[in-house]
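All remarks here apply to the structure that follows.
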Amino acid sequence: LQLKKIHSDNPATKRMSVVLAILAFALIFTAVLNYILIVLSSLVKRSKEIAIHKCYGAAEKNITKMVLTETFIHMMASIIIAGLLIILFRTTVEDILSTPLSSLFTFRTGIILLLVCIAVFFASGIVPARIFSKIPVSTAFRNFKESRRKWKLGLLFLQFIATAFLITLLVIIGRQYNSMVNSNPGYVYENLLYCNTSGVTKADRQKAIEELRRMPEVQSVATCSFLPLYGASGNNVFETGKDQNLFNIADLYSVDADYLSLMEIPVVEGNGFQHHSADVTQVLISNTFARKLCNMLKWKDGVVGKDIRFTEHGVCTIKGVYRDISLGSISEPDPRPSAMFYTDAAAEIIMIKLHQLDPDGIRHVNKVLQTAIPNKDIVVTPYKTSLTFLYASSRLFRDSVLIGGIITLIIALIGLIGYTNNEINRRSAESAIRKINGASAKEILGLFINDILRIALPALVIGELLAAIGAEKWMENFAEKTSLSLFIFLGCGIVVLSVILSVVTLASYRTAIQNPVDAIKRD
């Protein structure tokens with residue numbers, strides 16, 4: 001229970017839960033609005049049917065019951081289809097949720113799903129039922145033309161807000177994810193493999209390294225105790241001969257003389273470890289480490305060649321200063337200054353840089369390691385794969401928003417098509433008369449496009465503002481953030497608006513070019 005509380009009280013977990021809750025609400029809300037919109041669009045066609053039921057004695061409660069029954073049937077069909085889709089895409093669902101499907105359907109989640117379904121049922125059924133039950137019998141038989149345009153435009157307005165919100169949020173999340181995966185950590189990890197040889201004897205480890213260096217696919221080999229992407233342990237720093245603790249560092253422990261060159265970490269002051277002159281009392285420190293030492297100890301002539309004491313390592317001589325590198329992930333970075341200590345024996349983690357990272361090269365490296373260390377199961381991993389895995393939760397969140405955004409856009413476009421077709425039928429005679437009086441096809445298209453533009457433009461503005469708020473909240477999880485440029489929001493708004501106008505144009509094009517006489521006869 002305590003572990004669960006620690007996880008649930010984590011600020012990052014809370015922020016992620018809020019954004020996912022907004023995403024879920026946007027999806028359900030859009031689906032409910034779209035269902036109501038489609039039902040209301042059928043109002044004109046079904047008005048006579050409702051009137052006939054009333055003529056045979058149906059009261060308002062009977063009409064309400066009929067509409068609610070239809071809604072219940074539609075909902076049950078949707079639940080069955082949703083269940084089939086979950087089973088069909090079980091692997092994808094489990095990957096996104098990072099949990100077995102069976103663990104999702106507990107008694108508690110069942111109750112929550114039931115309550116959500118009940119809320120959706122009444123929200124989807126009550127409004128259409130009330131409107132249908134209020135249709136006067138006499139009005140229905142006098143060629144009922146009530147369009148309920150305010151209802152429909154209001155529902156479309158909310159759908160456009162949800163669509164703009166999710167599409168923009170998706171773009172921002174995708175940019176942040178790409179920024180994290182492709183960020184510059186201060187070292188080069190392309191074509192880099194690594195393996196942990198913990199428990200392997202020094203002789204077998206050295207034999208494996210020598211065999212790897214003889215491979216034509218291998219560019220260089222080095223060893224270390226910690227990988228930067230997983231952060232580092234800590235130790236304290238003291239001025240030599242004094243007991244006052246200066247500060248705590250990220251201790252990367254042992255590296256050999258080839259490590260800096262393999263990782264392409266530049267030395268900005270002094271020298272790196274060298275095979276012919278390095279010893280275990282030498283240390284390399286980061287740029288931040290050097291600045292802190294100079295500021296605290298008032299060293300005016302730099303740090304190279306000076307002695308400093310570390311817990312666990314004792315007194316060491318500073319050999320050089322390397323450029324700061326990133327430790328940990330962008331979402332949980334280690335801001336402490338870092339240090340590396342020289343080892344003349346191979347450390348536990350073997351780093352292998354290939355000329356080109358491909359399956360054949362990885363397979364050959366595996367084969368050499370299995371031959372050199374036959375009694376140990378050594379796993380070779382591409383460094384970039386491990387780096388990408390650090391941001392698996394962000395990738396899964398991106399995928400969740402992608403699915404939600406696509407579904408929301410489809411739902412909104414279905415509702416838009418239904419509304420446009422309904423308006424085309426309602427205004428077919430008006431369009432025909434306008435054409436007879438000289439209106440062009442472009443002007444007829446403008447009738448329908450202008451109606452949509454009046455609600456689409458403000459809806460997209462609101463959706464973009466909500467996306468900015470949601471993105472800002474989500475990006476509090478990261479120390480390094482992608483820029484939220486105004487052009488991102490403008491671009492996403494323009495794309496969504498283009499899709500909306502394209503749908504309206506395609507749906508109304510036939511009416512704009514048809515013979516006006518045919519439209520008047522049909523009406």
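Residue I325 comes nearest to G186 through the heavy atom pair CG2-O, 3.7 Å, listed as atom of the first residue, atom of the second, then distance. Heavy-atom minimum distance, A456 versus L497: CB-CD1, 4.0 Å. Of all heavy-atom pairs spanning S225 and L252, the tightest one is CB-O, 3.9 Å. Taking each heavy atom of A232 and D251 in turn, the nearest pair found is CB-O, 3.5 Å. The two residues I161 and A459 have their closest heavy-atom pair at CG1-O, 3.4 Å. Residues G199 and K376 approach most closely at CA-NZ, 4.4 Å, considering heavy atoms.
For L68, the side-chain contact (heavy atoms from CB on, under 4.5 Å) test picks out T64, F121, I126, with sequence neighbours left out. Qualifying side-chain contact (heavy atoms from CB on, under 4.5 Å) partners for I349, counting only residues two or more places apart in sequence or in other chains: Y194, N196, C224, L227, M351. Partners of S338 by side-chain hydrogen bond (donor to acceptor under 3.5 Å, both in side chains), not counting sequence neighbours, listed by chain and number: Y322.
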Could you go through Y230 and L327, starting from their C-alpha distance and side-chain angles, then the distance that decides it, and tell me whether this counts as side-chain contact (heavy atoms from CB on, under 4.5 Å)? CA-CA 7 Å; Y230 292 131; L327 300 177; over 6 Å; no
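T168 and E464 form a side-chain donor-acceptor contact under 3.5 Å, judged by distance and modelled atom types alone.
Note that the NZ atom of K367 and the NE2 atom of H364 stand 7.0 Å from one another [nearest 0.5 Å]. Residue S326 holds its OG atom at 9.5 Å from CG of L387, rounded to the nearest 0.5 Å. To the nearest 0.5 Å, atoms CZ (F160) and CD1 (I455) are separated by 5.0 Å. For the atom pair I449 CD1 and T505 OG1, the distance stands at 3.5 Å (nearest 0.5 Å). Here the straight-line distance linking atom CE of M75 with atom CD1 of I118 works out to 9.5 Å at 0.5 Å rounding. Atoms CG and CG, from D358 and L354 in turn, are 7.5 Å apart once rounded to the nearest 0.5 Å.
Surrounding CZ of F389 are at most 12 heavy atoms belonging to other residues, nucleotides or ligands under 6.0 Å away. In this structure, D360 places its CG atom where more than 12 heavy-atom neighbours from other residues, nucleotides or ligands lie under 6.0 Å away.
Looking at I79 and C117, their side chains come closer than 4.5 Å, going by heavy atoms from C-beta outward. Between F489 and I172 there is a side-chain heavy-atom pair separated by less than 4.5 Å. The side-chain heavy atoms of S485 and I488, taken from C-beta on, include a pair separated by under 4.5 Å. Using a 4.5 Å heavy-atom threshold, the side chains of L501 and L453 count as touching. Side-chain atoms of T197 and C195, non-hydrogen and from C-beta on, do get closer than 4.5 Å to each other. When side chains are defined from C-beta on, N248 counts as touching R336, because their heavy atoms get closer than 4.5 Å. Within the 4.5 Å cutoff, the side chain of L192 has no heavy atoms near those of the L357 side chain. Contact of the E472 side chain with the L484 side chain is registered, since non-hydrogen atoms from C-beta on lie closer than 4.5 Å.
A donor-acceptor contact shorter than 3.5 Å links the side chain of D324 to the backbone of T288. Looking only at distances, no side-chain donor or acceptor of N191 sits under 3.5 Å from a matching main-chain atom of Q356.
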